[in-house]
Amino acid sequence: MMMIANLQYAWTLFVKPIVGANHWKLSDVQWGFTIFIALETWIMPMSGWLIDLLGPRAFMTVAGVLCGVGWAGMGHASTLPELYLLYALAGFGAALVYCGSIGIALKWFPDKRGLASGLISAGFGSGAALFIPLIAYLIHTQDYRAAFLYSGIGQGLVIICAAQFLQNPAKTATHTAPQRVHIRSHHENFNSIEMLRTPHFYMLYAMALMMGIGGLMVTAQVAPMATTLKIGAAAVTLAITLNSLANGASRIFWGWVSDHIGRERAMFIAFFLQSVFLLSTVTLGLRSTAAFITCLVLVYFTWGEVYSLFPSLCADWFGAKNASSNYSFMYSAKGVASILGGGVAATIYEKTGSWNYGFYACAGLALITAFMALAIRRMPLPAKRVAQVKQAAVGAR
């Protein structure tokens with residue numbers, strides 16, 4: 001998971017050099033980010049099912065090849081279609097890594113799903129912090145092409161090596177977590193088709209979509225936004241590094257909190273704070289470089305938990321047996337969010353000359369999602385449609 005972090009969180013360092021070297025529009029380049037996220041997320045339902053069926057080792061090995069080839073090759077892309085294709089290839093590999101890693105964590109630790117998914121997803125959220133200074137140095141001393149090549153080869157090799165140690169737990173280890181006072185969990189295992197027949201899935205999907213937009217917008221646009229505000233390259237590198245650390249810490253902290261106070265309560269608190277900090281970025285954050293960096297760190301600390309709380313809640317409500325394939329459908333919301341946070345946000349800035357509109361809209365969505373978290377707590381746990389039909393038939397008799 002640490003090795004695929006650069007594919008998303010280091011991207012912003014490459015945007016300005018790519019635009020300058022090829023004389024492409026900012027929005028055209030940022031559509032590459034959108035395509036990457038789309039492939040990383042929308043391919044997951046297929047990859048999740050295959051990983052659940054056949055096990056993670058072979059798929060993670062293939063993923064390492066795809067991530068390495070796609071990312072390393074992007075430095076040699078001479079046209080936009082080539083850039084999009086190679087970034088999409090890396091996105092497909094990242095989907096295999098992400099889906100398999102989270103699914104395994106949920107299966108191995110059913111009694112601590114929030115913390116387990118938080119720790120594993122923190123590898124993705126914080127992994128880039130180890131490499132941001134190195135990538136920035138390579139771009140500065142050589143060029144962005146060399147940075148793509150070296151980091152791509154290194155990341156691919158590490159994924160392939162790590163893949164050889166992965167396996168699913170024995171079937172006896174995939175039981176449902178013991179019932180707790182605060183954690184509402186299900187004793188049934190839903191397959192993906194059964195899950196898609198419940199209104200609960202669509203409620204959670206809408207929440208994941210609305211919460212995903214703000215963080216992805218900041219991830220893709222932080223370097224271009226800093227350039228607009230005349231913030232120096234060293235400060236941008238520091239901001240991106242701290243953002244990655246905050247992102248990972250968020251997944252661990254809020255996952256742990258959710259194990260103790262419940263997923264929905266943790267969601268409400270974190271999502272409400274996310275709304276506040278998004279607004280702060282384009283108000284208080286404009287006063288100084290330090291304030292800008294601080295606001296961004298707080299945005300990430302209240303956004304990263306999306307990728308530990310939703311998989312945990314998905315396993316609580318729909319069971320751990322099909323955790324990889326079930327969560328992969330929910331994770332696909334990130335692909336839709338990337339369209340708004342990547343290409344659309346850049347286009348709005350080009351037309352208006354201001355980043356404020358995007359931040360205001362995302363703050364509003366986060367606030368709505370916070371109150372939706374309170375609403376889902378009042379919903380009964382999902383039930384399989386077959387069981388509902390049988391229950392109705394018995395009642396009719």
Side-chain angles (χ1 to χ4, degrees), residues 4-44 66-67 69-95 98 124 128 135 139 143-145 147-149 151-152 208-228 236 240 243 303 331-359 361-362 365:
I4 64 171
N6 285 332
L7 276 61
Q8 177 170 317
Y9 296 106
W11 163 252
T12 193
L13 292 176
F14 292 92
V15 173
K16 188 177 178 181
I18 292 174
V19 170
N22 298 280
H23 306 291
W24 295 330
K25 291 171 58 179
L26 171 64
S27 56
D28 287 339
V29 172
Q30 290 293 34
W31 279 114
F33 179 82
T34 294
I35 291 170
F36 161 76
I37 297 294
L39 263 292
E40 184 209 6
T41 54
W42 292 342
I43 202 69
M44 271 200 186
L66 294 174
C67 290
V69 171
W71 187 254
M74 286 169 63
H76 298 280
S78 58
T79 66
L80 283 168
E82 287 180 12
L83 182 73
Y84 297 160
L85 178 62
L86 289 165
Y87 210 180
L89 189 68
F92 181 54
Y98 196 106
F124 183 70
I135 290 176
I139 293 174
D143 56 25
Y144 78 89
R145 294 180 175 86
F148 270 131
L149 179 64
S151 59
L209 171 61
M210 290 191 289
M211 274 301 298
I213 298 170
L216 289 173
M217 177 186 65
V218 174
T219 298
Q221 314 296 352
V222 61
M225 183 178 179
T227 300
T228 304
V236 172
I240 297 171
N243 289 347
W303 174 69
Y331 189 74
S332 67
K334 183 179 177 183
V336 182
S338 72
I339 296 174
L340 300 172
V344 171
T347 301
I348 292 174
Y349 166 72
E350 288 176 344
K351 291 183 178 300
T352 64
S354 174
W355 295 103
N356 292 8
Y357 298 100
F359 276 84
C362 291
L365 291 175

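For the single chain, residues carry numbers from 1 onward in sequence order.
We find the CG-CE distance between L89 and M74 to be 10.5 Å, quoted to the nearest 0.5 Å. Rounded to the nearest 0.5 angstrom, Y144 OH and I139 CD1 are separated by 10.0 Å. In this structure, CG in L85 is found 12.5 Å from CG in L80, a value given to the nearest 0.5 Å. A distance of 5.5 Å separates OH in Y84 from CD1 in I35, rounded to the nearest 0.5 Å. For the atom pair SG of C362 and CD1 of I213, the computed distance is 6.0 Å after rounding to the nearest 0.5 Å.
Looking at heavy atoms from C-beta onward, L86 lies out of side-chain contact with W71 at the 4.5 angstrom threshold. Considering only heavy atoms from C-beta on, Q8 comes within 4.5 Å of F33 through its side chain. At least one side-chain heavy atom of W24 sits less than 4.5 Å from a side-chain heavy atom of L83. By the 4.5 Å heavy-atom criterion applied to side chains, F148 and I18 are counted as neighbours. Between K25 and V19 there is no side-chain heavy-atom pair separated by less than 4.5 Å. By the 4.5 Å heavy-atom criterion applied to side chains, D143 and P17 are not counted as neighbours. Between L216 and W303 there is a side-chain heavy-atom pair separated by less than 4.5 Å.
Across all their heavy atoms, I4 and C67 have their closest contact at CG2-SG, 4.0 Å. Between Y87 and L7, the shortest heavy-atom distance links the atoms OH-O, 2.5 Å.
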TODO: Start with the C-alpha gap between W11 and F36, add the side-chain angles, then the distance that decides, and say whether ring-ring contact (aromatic ring centres under 6.0 Å, His included) holds.
DONE: CA-CA 10 Å; W11 163 252; F36 161 76; 8.4 Å; no
TODO: Applying side-chain contact (heavy atoms from CB on, under 4.5 Å), run through F359 and V218 and close with a yes or a no.
DONE: CA-CA 9 Å; F359 276 84; V218 174; 3.9 Å; yes
